[in-house]
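Remarks on the structure that follows.
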Amino acid sequence: MKLIESIKEFSGYLNRYEHESEVCNCLMTFSVFLPKETEREKVSTLYWLSGLTCTDDNVRTKAGMQRYAAEHSIALVFPDTSPRGEGVPDLPERYDLGQGAGFYVNATEGEWAKHYQMYDYVVNELPTLLEDCLPLKLGVRSISGHSMGGHGALICALKNPQKYSSVSAFAPICNPIECGWGQGCFGAYLGNDKSDWRQYDATELVKAGNKMPHILIDQGIGDDFYDEKQLLPENFSQVCAESSQALELRMQDDYDHSYHFISTFIGEHVAYHAKAMKVE
C-alpha cells in the first residue's frame, strides 16, 4: 500500500494510495479521507462506490462528502470502479462494460474472470487492508454509492448485513437482471444462466430473504436513466414492501443523475451513516 498523494482539507487529509490487489490481479488505486481525529484514535468508515465510467476521483472532487465526514469524525473510502492497466480486459467502444464498469460482481466468464473480482475486493480485501494499515475501527463500517455503485452498495450490504451498519444509495440500479445495463454486463461477466445473476441483484436478494435494518435511497425524477428504465426503483420498493424490508425511497422532483443531485443530499446520507455507526 503506497501513498501517492496527500491533500489537507477540513483539518484532515485526503490521501490516494495504490496497491497490488490479490483478488483483482493488478495494481488498484483508491482514495481515503482521514479526519483530524485519526491523529489520536481510530474512527468509523463510510465506503462509497462510484458509477459507470468513474474512478475514485469523481466523488472526491464533486460530491463534497469530506466536509460532512469531518463534521461527523468519520473516514471515507473511495475505491475504483474496476481493475485497470495493461493486460486487464476492456472494450473501449463501450462505456458500460470493461474498465470503469466492474459492476461489483465476481466475474466467472472467460477473460473477465482473472481480474474482475470487484465484489471480493470491496467486501473483503480492501477493508482488511485498510483496517490493518490505517486508524480505522475494526469492522465498523457503512456503505453507499451512486448508480452502478448504488447497486454495488445495496448488494454488498444485503449479502453481508453483519459487515455494514447501514446502507444508502443515489439512483441505484435496483434490478439489474431486468435492465439493459445489467443484462449486458451480467451476461458477459457471469454467463448466460440467469439464475447465477440473482445473487448480484438487490431486488432478487430482498425477495430471497436478505435484509438490512433500514435502507435509504434518493432518486431524481428528472433522471434520464430513470425514464429509460435502467434503475427500476419501483421494483425494489415493491419487493421491500412485500418482504417487510424497511426502505425510505425519496423521489426528488427535477433532480438528474449527476453529482449536482448527489451533492445536494450527500450531507443527509453522511449523517444517516454516522448515526448508524453510533458516531457522537
Side-chain angles (χ1 to χ4, degrees), residues 19-30 45-52 54-56 59 77-84 88-90 96-131 139 141-164 166-169 172-177 179 181-191 193-212 215 236:
H19 76 116
E20 287 290 341
S21 168
E22 293 183 4
V23 298
C24 292
N25 292 293
C26 66
L27 188 69
M28 296 291 286
T29 302
F30 59 90
T45 310
L46 173 59
Y47 284 74
W48 173 271
L49 306 185
S50 292
L52 288 166
C54 292
T55 68
D56 63 303
V59 63
V77 175
F78 308 129
D80 202 347
T81 55
S82 77
R84 298 180 192 269
V88 175
D90 190 25
D96 58 347
L97 182 65
Q99 294 186 32
F103 247 84
Y104 304 102
V105 303
N106 287 338
T108 57
E109 296 299 300
E111 62 178 355
W112 307 108
K114 180 178 178 180
H115 298 285
Y116 283 74
Q117 303 295 312
M118 288 300 295
Y119 173 80
D120 275 350
Y121 180 72
V122 167
V123 172
N124 298 312
E125 184 179 28
L126 189 57
T128 298
L129 174 69
L130 297 186
E131 290 171 12
R141 62 183 86 100
S142 291
I143 192 165
S144 186
H146 171 230
S147 194
M148 179 186 71
H151 141 79
L154 291 174
I155 65 166
C156 288
L158 286 166
K159 289 165 70 69
N160 302 277
Q162 76 285 359
K163 289 181 179 287
Y164 300 99
S166 54
V167 60
S168 74
I173 303 171
C174 292
N175 197 184
I177 68 174
C179 75
W181 278 343
Q183 291 165 355
C185 284
F186 282 13
Y189 295 148
L190 304 173
D193 186 349
K194 293 188 178 181
S195 65
D196 293 333
W197 299 6
R198 296 192 182 104
Q199 64 179 309
Y200 297 116
D201 184 303
T203 299
E204 293 294 324
L205 287 170
V206 171
K207 191 183 298 185
N210 297 63
K211 284 190 175 182
M212 283 291 289
I215 297 171
F236 187 64

Legend entry - Lys NZ or Arg CZ of K159 over Y164 ring: under 6.0 Å, within 45°: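 No.
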
Legend entry - Chi angles and distances behind the side-chain contact (heavy atoms from CB on, under 4.5 Å) call for C54, V59: CA-CA 8 Å; C54 292; V59 63; over 6 Å; no

Looking at [atom1] of [X] and [atom2] of [Y], how far apart are the two atoms once the value is rounded to the nearest 0.5 Å?
X: Y116; Y: T108; atom1: OH; atom2: OG1; value: 14.5 Å
X: M148; Y: S82; atom1: CE; atom2: OG; value: 7.5 Å
X: L158; Y: I215; atom1: CG; atom2: CD1; value: 5.0 Å
X: M28; Y: L129; atom1: CE; atom2: CG; value: 11.5 Å

So do the side chains of [X] and [Y] get within less than 4.5 Å of each other, counting heavy atoms only?
X: V77; Y: L126; result: yes
X: V23; Y: N124; result: no
X: M118; Y: P83; result: yes
X: P161; Y: N210; result: no
X: Y47; Y: C156; result: no
X: T29; Y: T55; result: no
X: Y200; Y: F186; result: yes
X: S147; Y: W181; result: yes

Inset, instruction - Please say which of L97, I173, L190, V105 ends up in a side-chain contact (heavy atoms from CB on, under 4.5 Å) with C185. - result: L97

Legend entry - Any side-chain donor near an acceptor of the partner, Y121 and D80, under 3.5 Å: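 Note: Y121 and D80 side chains miss the donor-acceptor criterion.
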
Inset, instruction - Taking atom NZ of K163 as the centre, report whether more than 12 heavy atoms of other residues, nucleotides or ligands fall under 6.0 Å from it. - result: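 Yes - once you tally the heavy atoms of other residues, nucleotides and ligands closer than 6.0 Å, there are more than 12.
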
Inset, instruction - Kindly check if the number of other-residue, nucleotide or ligand heavy atoms within 6.0 Å of CD (Q183) is above 12? - result: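 Correct, the count exceeds 12.
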
Inset, instruction - Before giving the answer on side-chain contact (heavy atoms from CB on, under 4.5 Å), spell out for Y104 and T81 the whole-Å C-alpha distance, their side-chain angles and the decisive distance to 0.1 Å. - result: CA-CA 8 Å; Y104 304 102; T81 55; 3.5 Å; yes

Inset, instruction - Give the intermediate values and the outcome of side-chain contact (heavy atoms from CB on, under 4.5 Å) for residues D201 and N175. - result: CA-CA 6 Å; D201 184 303; N175 197 184; 3.0 Å; yes

Inset, instruction - Please name the pair of heavy atoms, one in G150 and one in A169, separated by the smallest distance, quoted to 0.1 Å. - result: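 Distance-wise, the nearest heavy atoms are CA-CB, 3.8 Å.
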
Legend entry - Residues in side-chain hydrogen bond (donor to acceptor under 3.5 Å, both in side chains) contact with D196, at least two apart in sequence or another chain: none

